[in-house]
Amino acid sequence: MTRPLRIHRQHSLLGHNTLAIPAIAEAWAEISGEDDLQAAIRLAREHSWPILPLGGGSNLVLGDRVPGLVLSVEMHGIGVEERPDGKVRLRCAAGENWHDMVTYAVDCGYYGAENLALIPGSVGAAPIQNIGAYGVELEEILVSLTAVNLRSGEPRNFRREDCRFSYRDSIFKHELRDQYCITEVCLELSTQPKARADYPVLVQYLRAHDLRETPENIYAAVCEIRRQRLPLPAEVPNAGSFFKNPLVSPARAEAILQQHPELPHWPQQDGRIKLAAAALIDLLGWKGRMREGVGVHENHALVLINPGRQSASTLLAFAAEIQLSVRQAFGLELEIEPRCYPD
Ligand code: FAD
Ligand code: NAP
């Protein structure tokens, strides 16, 4: 017999978002399987509630009142299919912790996800922004995903090409925003220990510690670099990088680089130039600046912090000032990376 879905009204989300914003959800439920999800969709329809699927809350800026039903996705399990060609398919339920899944894969000798170690959050949220770090993006290892339509309850399979992945972006941030709950992600890894060590900080770390370029060493190096460099949300509330790196035309980049030749920049495959948002913000003197309980982390200009557990409006007003100063100085728009909800 299936148990009825437990709904909590006026539920605090303070402990469910890494920025520690004291938001209140109109309704909240934990879903641990397909039946729970279908029950939640029916209930939301009856109440005309919007649904917000929630993982670890590490890429969200929540408003004071979150309307509708917040679904804490708690579906668990990893299925493994080893193939004769040395490839391995992992079918991971959406509620699995991303980093734990990466650790499990490395421990089993399944390689390809190690550069993405220690990214906070759930497996189900990873495709939303095509998570990326240290030279690797999710799209390189994702084969397909299953998602359930939040209005009809119909499941749908998305192949990698259906997800329209790009830099920290996917179809789930655009046409299909808020329309699906991802329930399972299928990744293809390899039993061949091929390391991806072309990211400068990683190369430096491996050299400095006299480590060979193996997936296990990459995993350990990424974990160590991240621990040294990034504030722990449990200690200093944050959502990782608050702004995306701007992608600009070569002409635009050249004009900015003439004024500031020291700015880090990287040509992209599509011809555009990626500029380092952290360097732009740092150059304007924002690093370490605090006001009204929010600020820019002292070691990382892209990481906005919320030690005062302030509301989204305080944090976003501060972010808007940074955006304005970058616009005035460089004529560039900094795009906010985390999802602001409701928008
Ligand atoms: P949440 O914050 O819970 O949700 C984010 C969005 O995904 C929301 O719109 C939510 O509705 C949606 N969502 C969540 N679960 C589902 C689901 N099952 N189905 C449909 N929609 C869903 N990101 C990177 O790309 N690279 C990094 O290196 C990185 N480093 C970080 C470091 C720190 C310290 C922090 C705090 C964040 C970092 N992030 C990074 C951002 C964040 O960890 C990722 O975006 C992560 O994938 C978010 O997962 P989550 O479960 O916390 O998602
Ligand atoms: P870092 O190594 O000091 O690099 C700063 C920025 O420079 C990053 O944004 C990175 O872009 C870019 N960069 C560096 N070398 C590059 C190269 N060879 N080619 C293209 N871009 C390059 O960065 P960090 O801030 O400590 O982060 C390390 C990695 O973790 C980065 O990949 C970063 O994206 C990821 N990270 C992401 C978040 C998040 O919330 N999204 C938070 C923390 C860390 P990319 O971002 O495109 O890699």
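Numbering of ligands and ligand atoms starts at 1, following listing order. For the numbers below, each heavy atom of this structure counts, side chains included, while hydrogens, waters and symmetry mates do not.
- Considering only non-hydrogen protein atoms, atom 27 (O) of ligand 2 sits nearest to Tyr134 OH, 4.2 Å.
- Closest heavy-atom approach to atom 43 (O) of ligand 1 among the candidates Pro120, Pro53, Gly55: Pro120.
- Between the side chains of Tyr134 and Glu114, no donor-acceptor pair of N or O atoms lies under 3.5 Å.
- Here the heavy atom of the protein found nearest to atom 35 (C) of ligand 2 is Ala133 CB, 3.7 Å.
- Within the 4.0 Å heavy-atom cutoff, Leu302 does not count among the residues contacting ligand 2.
- Around atom 48 (C) of ligand 1, the closest heavy atom drawn from Pro127, Ser58, Gly121 belongs to Ser58.
- Looking from atom 45 (P) of ligand 2 to the surrounding protein, the closest heavy atom is Lys274 NZ, 3.4 Å.
- Each of the following atoms of ligand 1 lies closer than 4.0 Å to a heavy atom of Gln129: 23 (N), 24 (C), 25 (O), 41 (C), 44 (C), 45 (O).
- Counting protein heavy atoms only, atom 7 (O) of ligand 2 is closest to Trp266 CH2, 2.9 Å.
- There is no side-chain donor-acceptor pair under 3.5 Å between Gln179 and Arg156.
- Summarising the contacts of atom 21 (N) of ligand 1 with Leu145, Ile182, Ile128, the nearest heavy atom is found in Ile128.
- Shown in contact with Ala133 at under 4.0 Å from a heavy atom are these atoms of ligand 1, numbered in order with element: 28 (O).
- Looking at Ser72 and Glu74, their side chains do bring a donor and an acceptor atom within 3.5 Å of each other.
- Among protein heavy atoms, atom 3 (O) of ligand 2 sits closest to Arg229 NH2, 3.1 Å.
- The residue Phe172 has no part lying near ligand 1, judged by heavy-atom distances below 4.0 Å.
- Listed by number with element, the atoms of ligand 2 under 4.0 angstrom from any heavy atom of Val201 are 2 (O).
- Closest to atom 27 (C) of ligand 1 by heavy atom, among Pro231, Ala147, Gly132, Ala94, is Gly132.
- The protein heavy-atom contact nearest to atom 9 (O) of ligand 2 is Asn245 ND2, 2.8 Å.
- Interface atoms of ligand 2 facing Leu230, defined by a heavy-atom separation under 4.0 Å, are 43 (C).
- With salt bridges taken as basic N to acidic carboxylate O contacts below 4.0 Å, none links Lys244 and Glu337.
- Nearest protein neighbour of atom 32 (C) of ligand 1, counting heavy atoms only, is Arg226 NH2, 3.3 Å.
- Between Asp343 and Arg177, at least one side-chain N (NZ, or NE/NH1/NH2) sits under 4.0 Å from a carboxylate O, which counts as a salt bridge.
- Residue Arg177 places no heavy atom under 4.0 Å from ligand 1.
- Note on ring orientation: taking the six-membered ring where Trp is involved, the planes of Phe158 and Tyr180 are perpendicular (angle over 60°, cut-offs 30° and 60°).
- The shortest side-chain heavy-atom distance between Glu333 and Arg327 falls under the 4.5 Å cut-off.
- Nearest to atom 31 (C) of ligand 2 by heavy-atom distance, out of Phe242, Tyr199, Tyr167, is Tyr199.
- Scanning Gly135, Ser241, Gly240 for the heavy atom closest to atom 38 (C) of ligand 2 points to Ser241.
- Among all non-hydrogen protein atoms, the one lying nearest atom 44 (C) of ligand 2 is Arg226 NH2, 3.9 Å.
- Here is the list of ligand 2 atoms found below 4.0 Å of a heavy atom in Glu337: 39 (C), 40 (O), 41 (N).
- For the residues Pro200, Pro120, Ala276, Gly121, the heavy atom positioned nearest atom 18 (N) of ligand 2 is part of Pro200.
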Quiz item: Can you check side-chain contact (heavy atoms from CB on, under 4.5 Å) on Asn245 and Leu302, steps first, answer last?
Solution: CA-CA 9 Å; Asn245 288 325; Leu302 258 195; 4.3 Å; yes
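- Residue nearest to atom 49 (O) of ligand 1, selected from Gly56, Pro338, Ala125, Pro233: Ala125 (by heavy-atom distance).
- Using a 4.0 Å cut-off between a side-chain N of Lys or Arg and a carboxylate O of Asp or Glu, Arg339 and Asp178 qualify as a salt bridge.
- Atom 34 (O) of ligand 2 has its closest protein heavy atom at Arg168 NH2, 2.6 Å.
- For ligand 1, the polar-atom distance check against Glu337 finds no nitrogen or oxygen pair separated by under 3.5 Å.
- Taking every non-hydrogen atom of His300 and a distance limit under 4.0 Å, the qualifying atoms of ligand 2 come out as 24 (P), 25 (O), 26 (O).
- Side-chain contact annotation: Asp169 with His174, donor-acceptor N/O pair under 3.5 Å present.
- For ligand 1, none of its N or O atoms has an N or O atom of Asn130 under 3.5 Å away.
- Residue contacts with ligand 1: Gly57 is placed with a nitrogen or oxygen under 3.5 Å of a nitrogen or oxygen of the ligand (distance criterion only).
- Counting only heavy atoms of the protein, atom 36 (C) of ligand 1 lies nearest to Gly240 N, 3.3 Å.
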